[in-house]
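Residue numbers run from 1 in the order of the sequence given.
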Amino acid sequence: MSSENIEGIARWYVVHTLPNHEQRADSNLRAWHLETFAPKIKARRVNPFTGASTFVIRPLFPRYIFARFNLEALWHKVRYTRGVSDVVGFGGHPAPVDDAIIEMMQLQVGENECIQIGETLKYGDRMLIKAGPLKNFIGIFEREVDQSERVRLLLTAINYQGHLEIEREYLQKVG
C-alpha cells in the first residue's frame, strides 16, 4: 500500500459510473459527505430535421466523476454506492489524481457551472472570421451574447463599420 493511504489522507480519485448515472453517483457520494467534482460542458446540438441549434449541458467525461476520500477508510463504501461502477486504478489498486489537476479544472468552471473550453476573449481582441461569407475578415471582439455561443464583433471594412453577431466557433484570435 502506498504512503498516502497509510497516512490516511483524503486524495482525489476517478470514479467510473454506470452509463448515464454521473448525477446519481455524484449526489449519492455527496450524501456520504465526500467532496466530488463532476465537470460539465455546454454543447451545441443541431436538430438534423430543422437545422435549429440548441444547447445541452452534458458531462465533460461521460461515465466519470472525481471524488476526494480516504482510500483506506472509504474505498469499499465508494465502490458500492448506487450509480458507481468502480474506482479507476492500475494493477487492481485505485490511482490517485494530483490535486493540481482537479484545481486547474475547477478554475475553468464558469458562471453557468460548466467548464469553459477555448480561448478567453477580452474586449478589443482582434478576431479572424474562419468560415462563412465573411471568411478572412477581421473584427474587434466586443462581448459575448447572453445564453449562447455567439459573440458580438465590430467589423470594419472600407467605408463601413458595423456590428456582427457570429458563432464563437467561426472565430480565431489574431496576434
Side-chain angles (χ1 to χ4, degrees), residues 1-46 53-123 125 127 130 141 143-151 166-175:
M1 202 171 267
S2 60
S3 63
E4 68 266 359
N5 297 327
I6 294 170
E7 297 170 11
I9 61 171
R11 301 283 311 264
W12 284 102
Y13 295 91
V14 179
V15 176
H16 188 219
T17 69
L18 297 172
N20 299 314
H21 280 71
E22 297 89 358
Q23 184 60 42
R24 181 180 196 180
D26 184 55
S27 62
N28 288 334
L29 290 171
R30 286 179 187 264
W32 292 117
H33 304 290
L34 297 180
E35 183 180 358
T36 63
F37 179 54
K40 296 174 182 62
I41 59 169
K42 185 171 145 182
R44 186 169 67 136
R45 181 178 292 167
V46 178
S53 62
T54 57
F55 292 94
V56 294
I57 294 177
R58 62 179 181 82
L60 179 62
F61 305 113
R63 293 194 66 190
Y64 295 95
I65 63 172
F66 301 94
R68 185 182 185 100
F69 59 93
N70 177 332
L71 184 64
E72 191 174 290
L74 298 171
W75 184 23
H76 182 77
K77 190 181 257 190
V78 170
R79 285 183 67 202
Y80 293 101
T81 298
R82 285 183 184 243
V84 172
S85 175
D86 205 353
V87 178
V88 175
F90 301 99
H93 193 73
V97 177
D98 191 47
D99 289 351
I101 293 171
I102 302 297
E103 289 171 16
M104 182 204 53
M105 284 192 290
Q106 288 174 330
L107 288 173
Q108 300 300 314
V109 174
E111 61 190 40
N112 58 1
E113 309 249 340
C114 293
I115 299 267
Q116 303 298 320
I117 297 176
E119 299 177 284
T120 303
L121 302 177
K122 299 183 302 278
Y123 179 82
D125 284 344
M127 306 299 296
K130 299 187 299 186
F141 175 79
R143 64 181 172 86
E144 294 184 14
V145 177
D146 295 334
Q147 303 298 320
S148 73
E149 290 293 307
R150 295 177 71 83
V151 298
I166 188 169
E167 295 290 330
R168 186 183 185 120
E169 68 185 76
Y170 297 133
L171 298 176
Q172 177 182 342
K173 206 178 210 180
V174 178

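- Rounded to the nearest 0.5 Å, atoms CG (Asp86) and CG (Leu18) are 10.5 Å apart.
- Phe90 approaches Ala95 most closely through the heavy-atom pair CD1-CB, 3.6 Å.
- Heavy-atom minimum distance, Met127 versus Val174: C-CG2, 3.9 Å.
- Within the 4.5 Å cutoff, the side chain of Phe69 has no heavy atoms near those of the Trp32 side chain.
- Between Val97 and Arg11, the shortest heavy-atom distance links the atoms O-NH2, 4.2 Å.
- The minimum heavy-atom distance between Leu34 and Arg68, with the atom names listed, is CD2-O, 3.8 Å.
- Closest heavy-atom contact between Phe37 and Asp26: N-OD1, 4.5 Å.
- Remark: Arg58 pairs with no residue by the salt bridge (Lys or Arg N to Asp or Glu O under 4.0 Å) rule, at least two apart or across chains.
- Atoms NZ and CG, on Lys130 and Leu171 in that order, are 7.5 Å from each other to the nearest 0.5 Å.
- Proximity of a side-chain donor or acceptor of Asn28 to a complementary backbone N or O of Arg82 within less than 3.5 Å is detected.
- Going from atom CD1 of Ile57 over to atom NZ of Lys40 covers 8.5 Å, rounded to the nearest 0.5 Å.
- For the pair Val14 and Phe66, the minimum side-chain heavy-atom distance is below 4.5 Å.
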Thr81 and Val15: CA distance, side-chain angles, deciding distance, side-chain contact (heavy atoms from CB on, under 4.5 Å) verdict: CA-CA 11 Å; Thr81 298; Val15 176; over 6 Å; no
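- Of the inter-residue distances, the one linking Ile41 atom CD1 with Cys114 atom SG reads 8.0 Å to the nearest 0.5 angstrom.
- Taking His33 as the reference, nothing meets the ring-ring contact (aromatic ring centres under 6.0 Å, His included) condition, with sequence neighbours excluded.
- Residue pairs meeting the side-chain hydrogen bond (donor to acceptor under 3.5 Å, both in side chains) criterion with at least one member in residues 14-25, sequence neighbours excluded, do not occur.
- In terms of heavy atoms, Ile115 sits closest to Met105 at CD1-O, 3.3 Å.
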